[in-house]
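Heads up, the thing below is written out as structure tokens.
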Amino acid sequence: MSKTKTERFASVWDAFADTAEEAANLKVRAELMRKIATLIQESGWTQAAAAERCGITQPRMNDLLRGRISRFSLDALVNVASALGQQVHIELQAA
């Protein structure tokens, strides 16, 4: 019988990322994507209408709303939030 070693991570992003820096970037992008998706849903916009407001294509908006995080940089998400009239605020905390 072989024993398997189970690794434990502070967050799911730590499990996916190779470095702490990459995990931090994934966490911020995921949070921003969730907030953008919530804003769009609460506004009742179709994907096409939201995409037009943000200056991106409908398929790109679909990627955002489906959480395809690897397809968006932090810069791109800040631009989308800004196009939706939102101000992005970043707060630093000791790890």
| query | Would a distance-only check, ignoring hydrogens and angles, find a side-chain to backbone donor-acceptor pair under 3.5 Å from Arg29 to Ser73? | reply |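 Not confirmed, Arg29 side chain does not pair with Ser73 backbone.
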Rounded distance [0.5 Å steps], [atom1] in [X] versus [atom2] in [Y]:
X: Glu52; Y: Met61; atom1: CD; atom2: CE; value: 11.0 Å
X: Ile69; Y: Leu32; atom1: CD1; atom2: CG; value: 9.5 Å
X: Gln87; Y: Ser82; atom1: CD; atom2: OG; value: 9.0 Å
X: Ile40; Y: Leu84; atom1: CD1; atom2: CG; value: 5.5 Å
X: Ile36; Y: Leu77; atom1: CD1; atom2: CG; value: 5.0 Å
X: Ile56; Y: Gln47; atom1: CD1; atom2: CD; value: 9.5 Å

| said: Ignoring hydrogens, what is the shortest heavy-atom contact between Ala83 and Cys54? Give both atom names and the distance. | reply: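 Heavy-atom minimum between the residues: CB-CA, 3.7 Å.
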With a 4.5 Å heavy-atom cut-off, do [X] and [Y] have their side chains touching?
X: Met33; Y: Leu65; result: no
X: Arg60; Y: Arg71; result: yes
X: Glu31; Y: Lys35; result: yes

| request: Kindly check if the number of other-residue, nucleotide or ligand heavy atoms within 6.0 Å of CZ (Arg68) is above 12? | output: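 Yes, CZ of Arg68 has more than 12 neighbouring heavy atoms, counting only those of other groups under 6.0 Å.
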| CD of Gln58: more than 12 outside heavy atoms within 6.0 angstrom? |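 Counting other residues, nucleotides and ligands, CD of Gln58 exceeds 12 neighbours.
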